[in-house]
Amino acid sequence: MKSKIESLLKAAVAHLQAAHQLPSELSPTYQIERTRDKQHGDFASNLAMMLAKPAGLKPRDLAQQLVNALPADPAIQKTEIAGPGFINFYLQDGSQYQIVPQILSQGAKFGHSKVGAGQYIQVEFVSANPTGPLHVGHGRGAAYGATLANLLDAVGFRVHREYYVNDAGRQMNILATSVWLRYLELCGVSFNFPSNGYKGGYILEISQAVLNQAGQTWLRSVEAVFQDIPADEPAGGDKEEHIDSLIERAKQLLGKDGYKVFFDAALDSILGDIRDDLREFGVEYTEWFSEMSLTDSGSVQRAIDRLQTNGKLYEKDGAIWFRSTEYGDDKDRVVARDNGQTTYFASDIAYHMNKFERGFDRVINVWGADHHGYIARVKAALSALGYDPEKLTVLLVQFAILYRGGERVQMSTRSGSFVTLRELREEVGNDAARFFYVTRKSEQHMDFDLDLAKSQSKDNPIYYIQYAHARVCSILKKAAAESAPWDRESGLAHLHLLDNDYEQGLLNQLAKYPELLERAALQYEPHQLAQYLRDLAGEFHSWYNAHKVIIEDANLRNARLTLSEAIRQVINNGLTLLGVSAPESM
RNA sequence: GCGCCCGUAGCUCAGCUGGAUAGAGCGCACCCCUCCUAAGGGUGAGGCCACAGGUUCAAAUCCUGUCGGGCGCACCA
């Protein structure tokens, strides 16, 4: 409907331009919105106010000219000029009912569109280091990224969902070494565990698994392990030097194959756990992209060479630096350390180069808000490589703060007392977790009330929406049981009987759904869909309480059953995009 | 100190990419099931949209500054 009105207005503008009443070089943006108040008709446009100045006319006078030039259309009953110069459109009586047969015939596809025009878009999200289980912070990124990808899919983009696996680099070495050290402890060796090592309980489980499988093959004496290793921090040394030396010692004592046993055991176990966790959370990926593959395939070196060729690198203090300040970054960044090791940032450059080489029309990164400082350097790298940094959008997700019993749940990575995503899912359920995570704007700090997410009452928006869905199912069942089953044809033929304010409001709300989806997708704001569903469920519950559906009058009954089914379909479609189930009974 | 995000009802948050009287839920005070699931509905109170300037026919929305909160500023990942 909006696009129809837009084309009418365009025609009017063109007509006035042809008559030289408007300058010909105008390229206005056509804003047509649904009115909030029925007194202002069904749709309104502010076009006359926007064009008043360039046209040299008073807004209301221009509005009058536009209205005069507007082609007649059967769907428009009348237009009015109101307020400072709004053009209000009143739809032909009866047109509001058209949405119902549309919903019924399109079913699960209702609301989908083609605005994405098949553009190839990558959404990279979560990408947590495989050094431990996902925690509740990652959960928000997962829910947000997955829902965003679903939305983009629904409006016609070709979506590639990707998880970047940081399986290379120092943290992985610390992890592998930690597993080996725990293994040594299980073999009865006694020593002080490095303060910078990974201490979570899951490490011990991996060590135990290696022990079960390989026996004491990789047991080395405490003397061999710790001889000439610089002191750890509690002993007055440097914890970084300490752990780095232990990593080297592990590689040396275990050999390439032995070290790989621990490295792979750690990676496979933790990454496997992350995959299971996300799958159970309803999050699926097109691709799990390995950082190691970038090094192995020479992409990292290739990216560095390309920057070198473009004159964007220089050497200082033995390290190789990238001139990111040329592109607005705060300072230049190191891509290769003085010990020859390439940095994490170098991998990141190669990864983003790879993304662009794969030919995505658009690339979206969903990052934790604590990474915002990296945006400038990554975009700088893209520019320096000769790509358009505008094609990359980085969306930041703020952390969620958990509350239980009105108290903030304390979390800290250092003490290991963080709440895992799995614990959250087990406590509140997948549906509530998925929904709660996306009810707020992603860049908004969020309070996650665990008690509310668990409560089974109208206070809990997810139950409230699911209950609306179940209620419709229940009505349809009840109607069939009372030998007054829903007659779809009769219902569609008598939609005009739906004339009270509740029903009119519901029809209007349903008609908004396709526009809502499009906006939520293009603005990358899944929370709009969550809000919408809450509103739709609310209007449905009010109607349900005010008017009975299963009544004697067969025509009105069927019309109401038809409207109910349309509501159910839209709620189902929306919940599906959110990754939330739509139960038939509760 | 510099950069990014955020300040809307007592609380948690929307506010349709600048529009016509600022919305919802919770909480609070009342009310509604011989009636399709009360896991629901209704009524009421509650706001100088942090503050000060500016742009505009029009600002919660855009710009500048101030104050307040969060997060970043490694040859770590």
Side-chain angles (χ1 to χ4, degrees), chain A residues 29 31 33-37 39-40 44 46 49-50 52-53 58-60 82-86 88 129 131 166 168-172 174 240 291 316-321 329-331 333-339 341-345 347-348 368-376 396 398-399 401 403 439-441 443-449 452 455-461 463-464 466-468 470-479 481-482 512 515-516 519-520 522-523 525 527-528 530-532 534-535 538 540-551 560-561 564 585-586:
Chain A
T29 52
Q31 286 183 37
E33 23 178 63
R34 285 176 183 280
T35 54
R36 268 175 267 201
D37 190 333
Q39 289 183 347
H40 301 133
N46 60 358
M49 292 180 285
M50 309 258 299
K53 197 164 215 176
K58 288 181 186 166
R60 287 190 66 111
F86 287 102
N88 293 336
N129 284 349
T131 52
N166 292 116
R170 182 161 169 268
Q171 290 304 316
M172 283 306 296
I174 295 177
E240 307 293 349
E291 179 187 357
K316 192 182 84 178
D317 303 332
I320 298 173
W321 298 70
D329 195 10
D330 296 337
K331 53 185 81 167
R333 308 290 173 177
V334 171
V335 291
R337 297 204 267 160
D338 56 5
N339 63 9
Q341 286 274 315
T342 55
T343 59
Y344 174 88
F345 178 48
S347 296
D348 241 12
D370 53 335
H371 284 69
H372 68 75
Y374 300 93
I375 300 173
L396 299 176
Q398 292 283 353
F399 288 113
I401 300 162
Y403 284 83
T439 41
R440 304 296 178 228
K441 257 201 292 231
E443 66 265 33
Q444 185 78 253
H445 296 264
M446 174 179 126
D447 288 351
F448 194 124
D449 186 336
L452 179 60
S455 83
Q456 308 203 349
S457 72
K458 63 173 178 174
D459 307 356
N460 184 346
Y463 276 90
Y464 186 84
Q466 289 180 317
Y467 179 46
R471 232 179 190 174
V472 174
C473 295
S474 169
I475 293 169
L476 290 166
K477 266 179 240 157
K478 179 94 178 174
E482 290 187 4
K512 280 185 195 170
E515 299 156 19
L516 176 277
R519 201 171 61 232
L522 296 179
Q523 294 181 178
E525 292 188 345
H527 77 275
Q528 291 189 25
Q531 298 279 344
Y532 170 88
R534 215 277 163 202
D535 290 344
F540 168 72
H541 286 307
S542 296
W543 176 53
Y544 173 91
N545 269 274
H547 297 281
K548 265 192 83 135
V549 174
I550 303 174
I551 48 175
R560 285 183 176 165
L561 284 168
S564 300
S585 66
M586 293 175 75

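Just so it is clear: chains get the letters A, B, ... in the order the sequence lines come, proteins before strands, and each one is counted from 1. Side chains included, hydrogens not; waters and symmetry mates left out as well; all remaining heavy atoms used. Treat the numbers as computed from the prediction; the structure is a model and nothing was measured.
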Pairing partner (Watson-Crick or G-U wobble, both distances under 3.5 angstrom) of B/rU17: none
Set of salt bridge (charged side-chain N to carboxylate O under 4.0 Å, His left out) partners for A/Lys477, sequence neighbours left out: none
Member of A/Thr131, A/Asn129, A/Asp348 meeting the side chain to side chain contact (heavy atoms under 4.5 Å, CB included) criterion with A/Asn166: A/Asn129
Sugar-phosphate, base or nothing in reach of A/Pro59, heavy atoms under 4.0 Å: nothing
Touch class at under 4.0 angstrom, heavy-atom based, for A/Ala82 against every strand present: base
Counter-base of B/rU34, judged by Watson-Crick or G-U geometry with both distances under 3.5 Å: none
Sugar-phosphate, base or nothing in reach of A/Ala168, heavy atoms under 4.0 Å: sugar-phosphate
Between B/rU56 and B/rC49 - P atom distance, rounded Å: 23 Å
Counter-base of B/rU55, judged by Watson-Crick or G-U geometry with both distances under 3.5 Å: none
P gap between B/rU8 and B/rC13, integer Å: 9 Å
Sugar-phosphate, base or nothing in reach of A/Lys331, heavy atoms under 4.0 Å: sugar-phosphate
Separation of B/rA58 P from A/Met50 CE (nearest whole Å): 15 Å
Per A/Tyr467 side chain, nearest of listed nucleotides B/rC36, B/rG19, B/rA39: B/rA39
Side-chain-base donor-acceptor pair under 3.5 Å for A/Asn46 and B/rG19: yes
Nucleotide nearest A/Gln523 (side chain, heavy atoms from C-beta), chosen from B/rU17, B/rC36, B/rA77: B/rU17
Nucleotide nearest A/Arg519 when distance is taken to its side chain, options B/rC36, B/rC16, B/rC75: B/rC16
Sugar-phosphate only, base, or nothing, as touched by A/Asp329 at under 4.0 Å among non-hydrogen atoms: nothing
Those residues that, when tested against A/Asp449, pass salt bridge (charged side-chain N to carboxylate O under 4.0 Å, His left out) (two or more places apart): none
For B/rG47, the Watson-Crick or wobble partner whose two distances fall under 3.5 Å: none
Between C1' of B/rG70 and NE2 of A/His371, the distance in whole Å: 17 Å
Whether A/Tyr463 stacks on the six-membered ring of B/rA39 base, 5.5 Å and 30° limits: no
Sugar-phosphate, base or nothing in reach of A/Asp535, heavy atoms under 4.0 Å: nothing
Under 3.5 Å on both distances, the Watson-Crick or G-U partner of B/rA60: none
For atom CG of A/Asp338 and atom P of B/rC75, their distance in whole Å: 10 Å
Contact letters for nucleotides 4-13 of chain B, in which S counts primed atoms plus P, OP1 and OP2 and B counts the base, heavy atoms under 4.0 Å: BSS-----BS
Base B/rA77 to side chain A/Asp348, donor-acceptor N/O within 3.5 Å cut-off: no
Pairing partner (Watson-Crick or G-U wobble, both distances under 3.5 angstrom) of B/rG1: B/rC73
Among B/rC36, B/rA77, B/rA74, the nucleotide that comes nearest once only the side chain of A/Ile550 is considered: B/rC36
Touch class at under 4.0 angstrom, heavy-atom based, for A/Ala470 against every strand present: base
Euclidean distance, atom CG of residue A/Asp370 to atom P of B/rC71 [Å, nearest integer]: 10 Å
Touch class at under 4.0 angstrom, heavy-atom based, for A/Arg333 against every strand present: nothing
For B/rA22, the Watson-Crick or wobble partner whose two distances fall under 3.5 Å: none
Sugar-phosphate, base or nothing in reach of A/Phe345, heavy atoms under 4.0 Å: nothing
Closest listed nucleotide, where the reference is the side chain of A/Arg170 and the choices are B/rA39, B/rA77, B/rG41: B/rA77
Distance test, side-chain N/O of A/Tyr344 to OP1/OP2 of B/rC75, below 4.0 Å: no
Face-to-face contact A/His40 to B/rA20 six-ring, under 5.5 Å, under 30°: yes
Sugar-phosphate only, base, or nothing, as touched by A/Ser542 at under 4.0 Å among non-hydrogen atoms: sugar-phosphate
Any strand: nucleotide that pairs with B/rG7 via Watson-Crick or wobble, under 3.5 Å: B/rC67
Sugar-phosphate, base or nothing in reach of A/Ala376, heavy atoms under 4.0 Å: nothing
Touch class at under 4.0 angstrom, heavy-atom based, for A/Lys548 against every strand present: base
Distance-only side-chain donor-acceptor flag, A/Glu291 / A/Ser347, under 3.5 Å: yes
NZ/NE/NH1/NH2 to OD/OE distance under 4.0 Å, A/Arg519 and A/Glu515: no
